[in-house]
Amino acid sequence: MIEGLKTENAEKPRLVILISGSGSNMVAIAEAVKNGDIDADISCVISNRPQAAGLEKAEKLGLETDVLDHTLYPDRKDFDTGLLRMIEEYQPDLVVLAGFMRILTPEFTRYFEGRMLNIHPSLLPKYQGLNTHQRAIDAGDDIHGVTVHFVTEELDGGPNAIQAIVPVYDGDDAASLQKRVQQQEHIIYPIATKWFCEGRLNMKAGNAELDGQALPESGVQLDSRS
Ligand code: GRF
C-alpha cells in the first residue's frame, strides 16, 4: 500500500495503463492483479489507437477501456492535455506505460513524475529510442534486455527500477531476440508495479529507491542466464 494511503478506509492503489498495441504487458500486470499478487485496482486501460489489439484483451479481462485517438488532435500538446484530463478522471496513484508509442510533452511527464513507469526493451541507458533489438545485434552485443524505469522529461532516460538481462545468441534476428526479451518483460513489469503499489519503490531527488535505498544506475538486475 502506498504511503499516505494507510488510513483505516484505505482504498487500493489505482492504476491507469496506457497502451498502443498488443497489450501483452498490460495483460501480465492485469493477471498479477487478478491473482492477488499485486494489491491494486486497474481503473482503466487507455489506448491512443482505436484498433489496438490490447483493447479487446482488456475488455475480455473485464477492465474498463477508453480511447483517445491522437490522429484527431492538431498537435502533441493538445493531445497530451486531453490525455492528462482523461487519466485524471481516475485519480490514479500510478500511470503504467505499457507499449504506449507516443513521445510525451515535458508538461505531461512533469505532472506525473514519480508516479509513471515505462518499459523499454533494452538495458538502459543503452539503446534509448527505437529498433533496440536490431541495434544490439548489429553492435555484436552478447547480452541484451529490458528495463522498467520512472518516466522523466528525457525520453527513455528516467531512473531505472529493474532490468532483466537476456543472452544474444549467434543466429538471433530481431524477432527471436524480441521474443526472448518479451518473456522477461512479463516478469519484471508486474514486479515493479507491485513494488510501487506496496510503497517500496519511489523516485526521490531524481533517483529510484527501493525500500529507502537508492538503486544503482541499472536498477535491480535480474539475469535470465543464471
Ligand atoms: C514492449 O516490447 C515494450 O518493451 C515496448 O513496447 C512493447 C509493448 O508490447 N515499450 P505489448 O503491447 O505490451 O505487447
Side-chain angles (χ1 to χ4, degrees), residues 15-34 38 42 44-61 63 65-70 83 94-104 108-109 112 116-137 141 143-152 154-168 172-194 196 218-222 224:
L15 313 181
V16 166
I17 305 180
L18 305 190
I19 63 167
S20 299
S22 79
S24 67
N25 282 285
M26 176 275 299
V27 169
I29 291 168
E31 282 172 352
V33 168
K34 236 181 178 152
I38 299 175
I42 299 175
C44 194
V45 174
I46 299 174
S47 173
N48 65 310
R49 293 196 180 128
Q51 306 306 330
L55 284 171
E56 208 182 310
K57 293 178 190 165
E59 276 153 24
K60 278 202 181 125
L61 286 161
L63 299 174
T65 62
D66 215 335
V67 173
L68 196 69
D69 184 348
H70 67 277
L83 183 61
L94 178 66
V95 177
V96 179
L97 305 184
F100 188 63
M101 302 305 284
R102 294 278 308 167
I103 292 174
L104 297 161
F108 187 94
T109 56
F112 290 110
M116 181 156 62
L117 294 173
N118 182 44
I119 188 155
H120 181 78
S122 77
L123 297 172
L124 288 172
K126 223 173 175 185
Y127 306 134
Q128 295 165 320
L130 298 173
N131 302 321
T132 56
H133 309 304
Q134 192 58 52
R135 285 158 71 196
I137 290 169
D141 293 354
I143 58 165
H144 184 46
V146 55
T147 305
V148 175
H149 64 95
F150 282 101
V151 177
T152 62
E154 194 195 336
L155 183 67
D156 304 323
N160 292 349
I162 182 169
Q163 61 184 199
I165 297 171
V166 304
V168 180
D172 259 336
D173 59 15
S176 61
L177 188 52
Q178 178 185 20
K179 203 171 161 200
R180 197 170 308 124
V181 167
Q182 273 228 315
Q183 286 170 353
Q184 298 303 311
E185 295 186 5
H186 302 157
I187 295 170
I188 67 169
Y189 218 174
I191 291 175
T193 304
K194 179 181 167 74
F196 188 93
S218 62
V220 173
Q221 261 193 342
L222 302 184
S224 73

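Bear in mind that the values here come from a model prediction, so they are computed numbers and not experimental data. Ligands are counted one by one from 1 in listed order, and the atoms in each one are counted from 1 as well. The first residue in the sequence is number 1, and the count goes up from there.
- Residue contacts with ligand 1: Gly54 is excluded, as none of its non-hydrogen atoms falls under 4.0 Å.
- Considering all non-hydrogen atoms of both residues, Met26 and Ala98 come closest at N-CB, 4.1 Å.
- For the side-chain hydrogen bond (donor to acceptor under 3.5 Å, both in side chains) with Tyr127, the lone residue among Asp156, Thr132, Asp141 that qualifies is Asp141.
- Among the atoms of Gly23, some N or O lies under 3.5 angstrom from an N or O of ligand 1.
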Pair His133-His144, side chain to side chain donor-acceptor pair (under 3.5 Å): steps then yes or no: CA-CA 8 Å; His133 309 304; His144 184 46; 2.9 Å; yes
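- Around atom 8 (C) of ligand 1, the closest heavy atom drawn from Gly99, Ser24, Ser47 belongs to Gly99.
- Closest heavy-atom contact between Leu55 and Ile19: N-CD1, 3.8 Å.
- At least one heavy atom of Ile119 lies less than 4.0 angstrom from ligand 1.
- Summarising the geometry, atom NE2 belonging to His120 is positioned 8.0 Å from atom CG belonging to Asn118; distances are rounded to the nearest 0.5 Å.
- Closest to atom 9 (O) of ligand 1 among all protein heavy atoms lies Gln182 NE2, 3.3 Å.
- Residues Asp173 and Ile137 approach most closely at C-CD1, 3.3 Å, considering heavy atoms.
- Under 4.0 Å from ligand 1, the heavy atoms of Glu185 that appear belong solely to its side chain.
- The shortest N or O to N or O distance between Gln178 and ligand 1 is not below 3.5 Å.
- Where the criterion is an N or O separation shorter than 3.5 Å, residue side chain and backbone included, Asn118 fails it with respect to ligand 1.
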